[in-house]
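Heads up, the thing below is written out as structure tokens.
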Amino acid sequence: MKDGANRKRSRPPAPHSHPWQRRLLRWFRGHARDLPWRRTRDPYAIWVSEVMLQQTQVATAIPYFHRFLTRFPTVRALAAASLDEVLALWSGLGYYARARNLHAAAQVMATHHAGELPRDLEALRALPGFGPYTAGAVGSIALGLDVPLVDGNVARVLCRIEGWESGAEESRARAWERAGALVVVDEAGDWNQALMELGQAVCTAKAPACGRCPVRPECLAAERGDPATYPLARPRAERRHLRFVALAFFDGPRVLLVRRERKGLFAGLWELPAAEIGPEGQASRVALRVARSFAGMDATVEPAAIVRQTLTHREVTVEPFVVQGRRARPPPQGRFVAPQELASLGLSSLATKTLRAVGICAAGKR
DNA sequence: AACGCGGGGCA
DNA sequence: TGCCCAGCGTT
């Protein structure tokens with residue numbers, strides 16, 4: 001059952017909600033998807049889901065949500081875990097700062113909030129990883145506070161209803177003000193989810209299904225006949241290209257992995273030793289130089305299949321090489337890892353693909 | 001205010 | 001392929 005959506009209400013409608021808001025709430029309670037985090041009222045579980053859903057689609061998050069809650073069922077369980085284990089469960093989900101902040105916030109809750117989520121907006125906002133959206137979402141959905149939220153969906157929906165002739169950035173700012181005025185007292189959680197669900201299922205970015213929209217009579221953009229043009233598009237930043245060589249040093253079945261630095265791209269995750277090469281760099285030459293610095297001057301390298309990955313702001317190419325030579329000396333931040341250990345390490349999808357290119361399959365990883 | 005940060009799904 | 005998505009932290 002969809003707990004938040006279908007919960008029976010004994011209260012009459014809040015005094016300040018408009019008829020179209022009641023209509024949208026009714027639509028939501030009839031159309032809400034049956035999602036794992038809607039089957040619970042555990043604030044901790046709802047918090048985890050909100051973090052996973054940042055810039056991440058529902059279908060992608062679901063299996064991660066189940067695994068995470070099984071391994072870390074409570075704030076205290078998460079707080080007591082090692083960061084490495086948290087990152088391992090996050091492996092493949094992306095935006096790894098989310099996992100570090102989730103872990104850090106759980107430790108603050110364990111120490112200063114009796115192992116529970118603080119029940120007011122200011123205290124939530126003070127926690128790592130709680131920005132305006134997440135504080136609003138956890139506050140309204142998990143804790144029942146009468147607070148608004150704005151995400152990409154809500155900004156788009158309100159921009160269209162109001163007919164704002166503004167771009168995404170400005171629409172988002174205006175949406176916060178409007179959303180604050182629209183909060184449905186005592187039902188903010190369902191109301192906020194209704195706005196988001198409408199944006200996800202009906203009022204989509206490219207092809208809004210106005211024929212199925214419960215708010216169409218109130219929508220200025222629909223009335224003007226061109227809702228898809230709201231909010232105004234802005235030019236995209238160009239994607240920069242990154243090239244790396246990656247080296248696979250073997251010691252029997254084990255392979256040398258190094259941990260990336262704590263900041264920047266793929267921070268704190270494990271990968272094959274790699275070196276960036278410029279657009280004109282000769283991969284085999286750089287690979288040979290790096291290989292010999294680790295494994296002696298008689299080392300040779302054999303190229304493997306090139307791996308490509310597109311990120312929002314980056315086009316990454318990795319040219320992997322298998323090294324033949326005497327056993328490499330692991331650098332301080334590196335060690336030889338057996339294949340069966342890979343599942344317990346934080347690996348990016350790119351690192352997993354690169355490992356596969358040199359013949360190593362990380363069980364349970366894409 | 002702008003930028004860096006993953007990855008998957010879909011037209 | 002280009003674009004979008006239940007954003008946050010740093011500079």
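Proteins get letters first, then strands, A, B, ... in listed order; numbering begins at 1 in each.
- Neither OP1 nor OP2 of dC3(B) sits under 4.0 Å from any side-chain N or O of Lys263(A).
- Position along DNA chain C of the nearest nucleotide to Glu197(A) versus Pro128(A) favours Glu197(A) as the more 5'-ward residue.
- Residue contacts shown for Gly199(A) are absent, as no nucleic acid heavy atom lies under 4.0 Å away.
- Cluster annotation: Leu257(A) and Val322(A) are assigned to the same hydrophobic cluster (Ile/Leu/Val/Met/Phe/Trp/Tyr, side-chain heavy-atom contacts under 4.5 Å, transitive).
- Between Gln54(A) and Lys206(A), the residue whose closest nucleotide on DNA chain B is further toward the 5' end is Gln54(A).
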Stepwise, does the side chain to side chain donor-acceptor pair (under 3.5 Å) test hold for Arg38(A) with Gln193(A)?
CA-CA 10 Å; Arg38(A) 287 183 177 158; Gln193(A) 291 188 82; 3.0 Å; yes

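- Checked against the 6.0 Å centroid threshold, Tyr230(A) and Trp164(A) do not count as a close aromatic pair.
- Considering only side-chain N and O atoms, Tyr96(A) lies under 4.0 angstrom from the phosphate OP1 or OP2 of dG7(B).
- One interatomic measurement links the two molecules: OH of Tyr230(A) to P of dC4(C), which rounds to 18 Å at whole-angstrom precision.
- Within the nucleic acid shown, Ser348(A) comes within 4.0 Å of sugar-phosphate atoms alone, with no base atom in reach, counting heavy atoms only.
- Ala97(A) comes within contact range of no nucleotide atom at all, as no heavy-atom separation falls under 4.0 Å.
- The separation of dA6(C) from dA11(B), taken at their P atoms, amounts to 15 Å, rounded to a whole angstrom.
- Among dG7(B), dG7(C), dA6(C), the nucleotide with an atom closest to any side-chain atom of Phe266(A) is dG7(B).
- Counting to the nearest Å, the P atom of dC5(B) and the CG atom of Leu102(A) are 21 Å from each other.
- For Tyr133(A), whose side chain is taken as the heavy atoms from C-beta onward, the closest listed nucleotide among dC4(C), dG6(B), dC8(C) is dC8(C).
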Could you list the donor-acceptor pairs under 3.5 angstrom formed between side-chain atoms of residues 111-121 of chain A and any protein atom two or more places apart in sequence or on another chain?
residue: Thr111(A); atom: OG1; partner: Gln107(A); partner atom: O; Å: 2.8
residue: Asp120(A); atom: OD2; partner: Glu122(A); partner atom: N; Å: 3.2
residue: Asp120(A); atom: OD2; partner: Ala123(A); partner atom: N; Å: 3.2

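- If you take CZ of Arg100(A) and P of dT10(C), they are 10 Å apart, rounded to a whole angstrom.
- Here dC5(C) presents its P atom at 17 Å from CG of Leu35(A), a figure rounded to the nearest Å.
- OP1 or OP2 of dG7(C) sits under 4.0 Å from a side-chain N or O of Gln55(A).
- Rounded to a whole Å, the CD1 atom of Ile62(A) is 14 Å from the C1' atom of dG9(B).
- In this structure, Ala267(A) and Ala59(A) both approach DNA chain B, and ranking their closest nucleotides by distance from the 5' end singles out Ala267(A).
- For the pair Ser349(A) and dG7(B), the criterion of a side-chain N or O lying under 4.0 Å from OP1 or OP2 is met.
- In the set dC8(C), dG7(C), dC5(C), the nucleotide with an atom closest to the side chain of Pro132(A) is dC8(C).
- Residue Leu265(A) places its side chain closer to dC5(B) than to any other of dC5(B), dG7(B), dA6(C).
- Between Tyr64(A) and Phe68(A), the ring centre distance reaches or exceeds 6.0 Å.
- Between Phe28(A) atom CZ and dA6(C) atom C1' the separation is 12 Å, expressed in whole Å.
- As judged by a 4.0 angstrom heavy-atom cut-off over every strand, Trp37(A) is placed among the base-contacting residues.
- Atom CD of Gln309(A) and atom C1' of dG8(B) are 9 Å apart (whole Å).
- Residue Glu50(A) places its side chain closer to dA6(C) than to any other of dA6(C), dA2(B), dC5(B).
- Judged purely by atom type and a 3.5 angstrom limit, Asp146(A) has no side-chain atom pairing as donor or acceptor with the backbone of Val185(A).
- Aromatic ring centres of Phe130(A) and Trp47(A): separated by under 6.0 Å.
- Considering only side-chain N and O atoms, Thr134(A) lies under 4.0 angstrom from the phosphate OP1 or OP2 of dC8(C).
- If you measure from atom CG of Leu350(A) to atom P of dG8(B), you get 10 Å, rounded to the nearest angstrom.
- Residue Asn101(A) is in sugar-phosphate contact alone, with no base atom involved, counting any heavy-atom pair closer than 4.0 Å across all strands shown.
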